[in-house]
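Report on the following structure.
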Protein chains: 2
Amino acid sequence: MSTTPGQPDAGRLYRRYLSAVMLHGHASAKACDLGATDLYALNVLELSGPMTPGELGARTGLTTGPTTRLIDRLEQAGYVRRVPASDDRRKVIVEPVGKPAGLDQVMAPARQKVGEILAGYSPEQLDVLFDYFDRAARAYEEAADVLRSGV
Amino acid sequence: MSTTPGQPDAGRLYRRYLSAVMLHGHASAKACDLGATDLYALNVLELSGPMTPGELGARTGLTTGPTTRLIDRLEQAGYVRRVPASDDRRKVIVEPVGKPAGLDQVMAPARQKVGEILAGYSPEQLDVLFDYFDRAARAYEEAADVLRSGV
DNA sequence: AGATTTATCTTCTTCAAGGAAGAGAGTAGG
DNA sequence: CCTACTCTCTTCCTTGAAGAAGATAAATCT
């Protein structure tokens with residue numbers, strides 16, 4: 001880097017990084033004809049694992065009607081699958097399908113680039129990075145939860 | 001899922017991190033009554049700085065009509081401002097407003113959390129992290145550009 | 001000066017997504 | 001066994017954003 005990595009534009013650098021991540025995610029979703037809520041729901045499923053439509057609806061802030069059709073869209077596009085719950089035959093479990101469809105494929109180039117970047121670091125440096133990823137993920141999840149309940 | 005001890009699924013950890021970032025961004029936008037395209041446009045402006053409506057429309061993949069109303073929404077919400085271009089009186093420059101409105105305020109808790117996390121690292125570790133932020137930002141921007149032009 | 005091109009804005013129409021209310025299926029308790 | 005409750009899915013309606021075509025204003029070229 002040309003300038004000192006110290007304080008002056010650290011915030012700006014980080015914001016640029018965040019913007020790029022979100023921009024890429026959005027462009028990926030668009031490329032797959034996925035709406036914003038669809039992507040949101042996929043992220044929820046990625047984070048919290050399989051859940052019922054009711055819980056997914058609560059997480060995404062949707063009522064039951066839109067939730068059903070959200071799952072319909074995701075199911076039809078091959079991202080999730082409905083499986084009957086074993087304990088309660090009214091319930092349905094929505095789970096990400098084993099072989100992810102287009103989204104992962106669209107995101108593959110970025111993933112590979114990031115993989116190459118990460119491959120250039122030493123094990124000690126990777127420890128730092130992954131320690132950060134872990135902590136930051138928790139922080140963002142927590143903040144997102146607060147926002148959800150605050151609405 | 002092959003869970004190997006010692007290397008506890010780095011890919012999964014990273015995906016969780018990405019999901020959390022995007023989830024939080026989305027929840028923030030929702031909390032501010034910002035649509036997906038609006039958030040996208042704000043990120044574009046954050047990344048590339050002030051630009052004309054024409055360029056913003058091209059970046060967001062919108063035609064001129066929706067672009068005008070996109071800017072209307074952002075302007076009315078207090079995120080951007082229209083200023084006449086000095087060199088061409090037909091042109092308008094859309095620029096983020098000096099005093100950021102609700103979005104930054106909503107994102108403040110997460111920012112603070114991340115700030116606290118970063119404060120716990122040594123200068124050498126911070127160098128690693130910011131080096132990564134810089135490189136990853138470029139990678140994601142590049143990948144997003146490819147996706148945009150590929151559509 | 002007149003014609004063409006560029007840039008933004010306006011209007012109308014279309015379409016997708018979300019909210020509300022209700023129906024069907026299943027579980028739990030008396 | 002019968003009632004009350006829960007969960008999911010369906011239907012209808014409304015809202016909001018995007019596309020298309022045209023209008024206005026300004027710069028550029030001949």
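In the text below, chain A, chain B and the rest are named by the order of the sequence lines, each starting its count at 1.
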Of the nucleotides C:dG18, C:dC9, D:dC9, which has the atom closest to the B:Arg82 side chain?
->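 Among C:dG18, C:dC9, D:dC9, the one nearest the side chain of B:Arg82 is C:dC9.
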Please state whether the rings of A:Tyr140 and B:His24 are parallel, tilted or perpendicular, taking 30° and 60° as the class boundaries.
-> tilted
Name the orientation class of the two ring planes belonging to A:Phe130 and A:Phe133 (parallel below 30°, tilted from 30 to 60°, perpendicular beyond 60°).
->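 Ring orientation, 0 to 90° scale: perpendicular.
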Which pairs, with at least one residue in residues 63-75 of chain B and sequence neighbours excluded, count as a side-chain hydrogen bond (donor to acceptor under 3.5 Å, both in side chains)?
->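 For residues 63-75 of chain B: B:Asp38-B:Arg73, B:Asp72-B:Arg82, B:Glu75-B:Arg82.
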A:Asp87 or A:Gly65: which one's nearest nucleotide on DNA chain C is closer to the 5' end?
->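 The residue mapped nearer the 5' terminus is A:Gly65.
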The answer to which of B:Lys91 and A:Pro66 contacts DNA chain C further toward the 5' end, by nearest nucleotide, is B:Lys91
Rounding to a whole Å, what distance do you find between [X]:[atom1] and [N]:[atom2]?
{"X": "A:Leu62", "N": "C:dA20", "atom1": "CG", "atom2": "C1'", "result": "13 Å"}
{"X": "B:Ile71", "N": "D:dA17", "atom1": "CD1", "atom2": "P", "result": "14 Å"}
{"X": "B:Leu70", "N": "D:dG16", "atom1": "CG", "atom2": "C1'", "result": "13 Å"}
{"X": "A:Leu74", "N": "D:dC9", "atom1": "CG", "atom2": "P", "result": "13 Å"}
{"X": "B:Asp33", "N": "D:dT15", "atom1": "CG", "atom2": "P", "result": "16 Å"}
{"X": "B:His26", "N": "C:dA17", "atom1": "NE2", "atom2": "P", "result": "13 Å"}
{"X": "A:Asp38", "N": "C:dA16", "atom1": "CG", "atom2": "P", "result": "13 Å"}
{"X": "A:Gln76", "N": "C:dA16", "atom1": "CD", "atom2": "C1'", "result": "14 Å"}

Does A:Arg135 count as lying over the ring of B:Tyr121, i.e. NZ or CZ under 6.0 Å from the six-ring centre, within 45 degrees of the axis?
-> yes
Identify which one of A:Arg16, A:Met22, A:Arg12 satisfies the side-chain contact (heavy atoms from CB on, under 4.5 Å) criterion when paired with B:Glu46.
->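 Answer to the side-chain contact (heavy atoms from CB on, under 4.5 Å) test with B:Glu46 among A:Arg16, A:Met22, A:Arg12: A:Arg12.
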Could you pull out the protein-nucleic contacts involving nucleotides 22-26 of chain C (nitrogen or oxygen on both sides, under 3.5 Å)?
residue, atom, partner, partner atom, Å
C:dG26, N2, A:Arg90, NH1, 3.0

Decide whether A:Val80 and A:Ile93 are clustered together by the hydrophobic rule: side chain heavy atoms of Ile, Leu, Val, Met, Phe, Trp, Tyr closer than 4.5 Å, transitively.
->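 No, A:Val80 and A:Ile93 fall in different hydrophobic clusters.
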Find out if a path of hydrophobic residues (ILVMFWY) with successive side-chain heavy-atom gaps under 4.5 Å connects A:Val44 to A:Val92.
->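 Unlinked, A:Val44 and A:Val92 end up in two clusters.
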Side chain of B:Ser48, backbone of B:Leu45: donor and acceptor closer than 3.5 Å?
-> no
Would A:Asp104 and B:Arg15 count as a salt bridge (charged side-chain N to carboxylate O under 4.0 Å, His left out) if you check the C-alpha gap in whole Å, the side-chain angles of each, and the deciding distance to 0.1 Å?
-> CA-CA 11 Å; A:Asp104 267 26; B:Arg15 292 179 54 150; 3.3 Å; yes
Looking at [N], I'd like to know if its phosphate oxygens (OP1 or OP2) sit under 4.0 Å from a side-chain N or O belonging to [X].
{"X": "B:Arg73", "N": "D:dA18", "answer": "yes"}
{"X": "B:Thr37", "N": "D:dA18", "answer": "yes"}
{"X": "B:Arg69", "N": "C:dT10", "answer": "no"}

Interface with DNA chain D, restricted to residues 50-60 of chain A and to heavy atoms under 4.0 Å | A:Thr52, A:Pro53, A:Gly54
